[in-house]
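Below is one structure, written out as structure tokens; comments come after it.
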Amino acid sequence: MKTLKLTLSVLMLMATLAACKKGKSDPNDPGNPENIQKVAKTDLLPYYIVAERKTGDQKLAIMTFTQDGDGLKVNLHRQGYLRSITAALTDNVLSFDLDGTGTYTYSYKLEKNASGQLTLKSYLYSDKTNTAQGFEYAVMANTTTAQNYENADFKTGNLLFRFSAAKTIDWDIRERQIGTKYYPPPINQTLPVTAMAPEVSIPYYAIGTGGFKANSDFIGAMVPNWKNVNSQVMVIERSNIIYQANKQ
């Protein structure tokens with residue numbers, strides 16, 4: 001009996017040691033700290049973040065990254081707005097303080113897989129002047145996989161817009177009156193002339209690859225997903241309204 005108890009004890013100890021050893025060395029265990037890939041500042045350069053604030057005007061923001069010596073800068077774009085801020089990257093958490101006072105702070109928890117691809121695990125925006133403020137949604141996109149939007153049409157509901165070869169956003173294209181024409185007798189009337197035409201055509205410029213801006217009129221980007229849409233979609237803001245549009 002003593003021999004049996006001793007054998008069982010040895011087997012249990014060996015099983016425990018084996019489990020501990022596997023937990024430390026298992027390359028597929030995401031909970032193992034040894035398997036966490038460290039995100040470097042240069043890893044962020046091909047990426048951009050698109051985020052929507054909960055309240056206020058100019059809710060949509062596009063954040064791109066540039067190297068500044070050994071440091072990293074975040075370029076934060078909104079409609080008619082640009083700020084470049086030095087960012088910190090510690091334990092795979094990217095953070096920056098918009099004005100250096102702690103009033104407007106941003107924090108993004110990142111993850112890097114074995115192939116070197118980054119994903120955004122969580123995000124936080126804090127505004128000490130407005131407790132209701134924060135992020136409604138945020139997503140990270142890669143410039144190498146973002147869909148091209150140039151020379152393409154997009155549609156959301158009945159709204160159609162185009163990024164023309166002339167580098168303009170042709171907004172809300174539909175049948176419109178573009179002039180009048182006089183028809184002599186027997187018609188003897190001045191009648192409207194209609195054609196497919198936009199409400200406005202506004203020049204735009206690219207924000208890196210995947211994003212664009214038209215001063216204070218438009219801002220937008222291609223993203224891999226957005227809220228309830230789990231596929232590539234364009235997010236664009238005009239007059240404080242954010243649209244989700246599909247490439248045609």
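The closest donor-acceptor contact from the side chain of N240 to the backbone of Q58 lies under 3.5 Å. Counting only distance, with no hydrogens or angles, the side chain of N92 and the backbone of V39 share a donor-acceptor pair below 3.5 Å. Panel note: side chain K167, backbone S164; no donor-acceptor pair is recorded below 3.5 Å. Remark: the backbone N or O of G211 is paired with a side-chain donor or acceptor of Y149 at under 3.5 angstrom. Formation of a donor-acceptor pair under 3.5 Å by the Q248 side chain with backbone atoms of A152 is not found in this model. Using a distance-only test at 3.5 Å, with no hydrogens or angles considered, no donor-acceptor pair links the side chain of D91 to the main chain of V93.
Interatomic distance, CD1 of I62 versus CD of Q79, reported as 10.0 Å (0.5 Å rounding). The CD atom of Q189 sits 12.5 Å away from the OG1 atom of T180 when rounded to the nearest 0.5 Å. A distance of 14.0 Å separates OG1 in T209 from CD in Q147, rounded to the nearest 0.5 Å. Taking NZ from K213 and CD1 from I236, the interatomic distance works out to 13.5 Å, rounded to the nearest 0.5 Å. To the nearest 0.5 Å, atoms CD1 (I202) and CZ (F161) are separated by 12.5 Å. Atoms CZ and OG, from F96 and S107 in turn, are 9.5 Å apart once rounded to the nearest 0.5 Å.
Ring orientation note: the planes of Y106 and F135 are tilted relative to one another, at an angle of 30° to 60°. Classified by interplanar angle (parallel below 30°, tilted 30° to 60°, perpendicular above 60°), the ring pair Y204/F212 is perpendicular.
A 4.5 Å side-chain heavy-atom check between T143 and T64 finds every atom pair outside the cut-off. Between K247 and M234, every side-chain heavy-atom pair lies at or beyond the 4.5 Å cut-off. Residues N228 and Q244 are in side-chain contact: their nearest non-hydrogen atoms beyond the backbone lie under 4.5 Å apart. Inter-residue side-chain proximity for N75 and F65 is flagged as unmet; no heavy-atom pair is nearer than 4.5 Å. Inter-residue side-chain proximity for Y125 and Q133 is flagged as met; some heavy-atom pair is nearer than 4.5 Å. Between D153 and L160, some side-chain heavy-atom pair lies under the 4.5 Å cut-off. Side chains of I219 and H77 form a contact here, defined as non-hydrogen atoms less than 4.5 Å apart. D172 is not listed as a side-chain neighbour of P198, based on a closest heavy-atom distance of 4.5 Å or more.
Here W171 and Y243 bring their ring centres to under 6.0 angstrom of each other. Ring centroid separation for the pair Y123 and Y108 does not come in under the 6.0 Å cut-off.
Between D217 and R238 no salt bridge is recorded (no basic side-chain N to carboxylate O distance below 4.0 Å). Contact check on R174 versus E199 returns no salt bridge, with no Lys/Arg side-chain nitrogen under 4.0 Å from an Asp/Glu carboxylate oxygen. A salt bridge does not link R53 to D57: none of the charged side-chain nitrogens sits closer than 4.0 Å to a carboxylate oxygen.
Minimum heavy-atom separation, N151 to A165: OD1-CA, 3.0 Å. Among all heavy-atom pairs drawn from E175 and M196, the shortest one is N-SD, 3.5 Å. Considering all non-hydrogen atoms of both residues, L76 and A61 come closest at CD2-CB, 4.3 Å. Residues G210 and A146 approach most closely at CA-CB, 4.4 Å, considering heavy atoms. Across all their heavy atoms, A132 and K54 have their closest contact at O-CD, 3.7 Å. Of all non-hydrogen atoms in K128 and G102, the two that sit nearest each other are CE-O, 3.3 Å.
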Requested in this report: Kindly determine whether F163 and D170 satisfy side-chain contact (heavy atoms from CB on, under 4.5 Å), including the steps that lead there.
Outcome: CA-CA 6 Å; F163 293 86; D170 298 337; over 6 Å; no
Requested in this report: Show your working on side-chain contact (heavy atoms from CB on, under 4.5 Å) between I85 and K73 and close with a plain yes or no.
Outcome: CA-CA 5 Å; I85 314 104; K73 282 202 170 180; over 6 Å; no
Query - Step-by-step salt bridge (charged side-chain N to carboxylate O under 4.0 Å, His left out) determination, E237 to R78 - result: CA-CA 9 Å; E237 181 177 24; R78 293 197 187 99; over 6 Å; no
Requested in this report: Tell me, with the steps shown, if D97 and T105 meet side chain to side chain donor-acceptor pair (under 3.5 Å).
Outcome: CA-CA 5 Å; D97 184 340; T105 57; over 6 Å; no
Query raised in the report: Are N113 and Q37 close enough, and set up right, to give a side-chain contact (heavy atoms from CB on, under 4.5 Å), and what steps lead you there?
Result: CA-CA 6 Å; N113 65 17; Q37 302 285 324; 6.0 Å; no
Report task. Decide side-chain contact (heavy atoms from CB on, under 4.5 Å) for Y182 and L191; before the verdict, give the C-alpha distance in whole Å, the side-chain angles of both, and the deciding distance to 0.1 Å. Result -> CA-CA 6 Å; Y182 172 70; L191 299 176; over 6 Å; no
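Between the side chains of Y137 and N225, at least one donor-acceptor pair of N or O atoms lies under 3.5 Å. With 3.5 Å as the limit, one finds no donor-acceptor pair spanning the side chains of T103 and D127.
When the side chains of ILVMFWY residues are joined at heavy-atom separations under 4.5 Å, either directly or via intervening members, I169 and V200 end up in a single hydrophobic cluster. Both L159 and F218 sit in one connected hydrophobic cluster of ILVMFWY residues. Membership requires side-chain heavy atoms under 4.5 Å apart, directly or through other members. Under the 4.5 Å side-chain heavy-atom criterion for Ile, Leu, Val, Met, Phe, Trp and Tyr, L118 and L120 are members of the same hydrophobic cluster. Hydrophobic clustering (ILVMFWY, side-chain heavy atoms < 4.5 Å, transitive): Y81 and V50 are in one cluster. Both V235 and V229 sit in one connected hydrophobic cluster of ILVMFWY residues. Membership requires side-chain heavy atoms under 4.5 Å apart, directly or through other members.
Summarising the local packing, CG of D99 is surrounded by more than 12 heavy atoms from other residues, nucleotides or ligands at distances under 6.0 Å. Dense packing is recorded around NZ of K227, with more than 12 heavy atoms of other residues, nucleotides or ligands lying under 6.0 Å away. Within a 6.0 Å sphere centred on NZ of K155, other residues, nucleotides and ligands contribute 12 heavy atoms or fewer.
Just one residue in the list T66, T86, L94 forms a side-chain contact (heavy atoms from CB on, under 4.5 Å) with L72, and that residue is L94.
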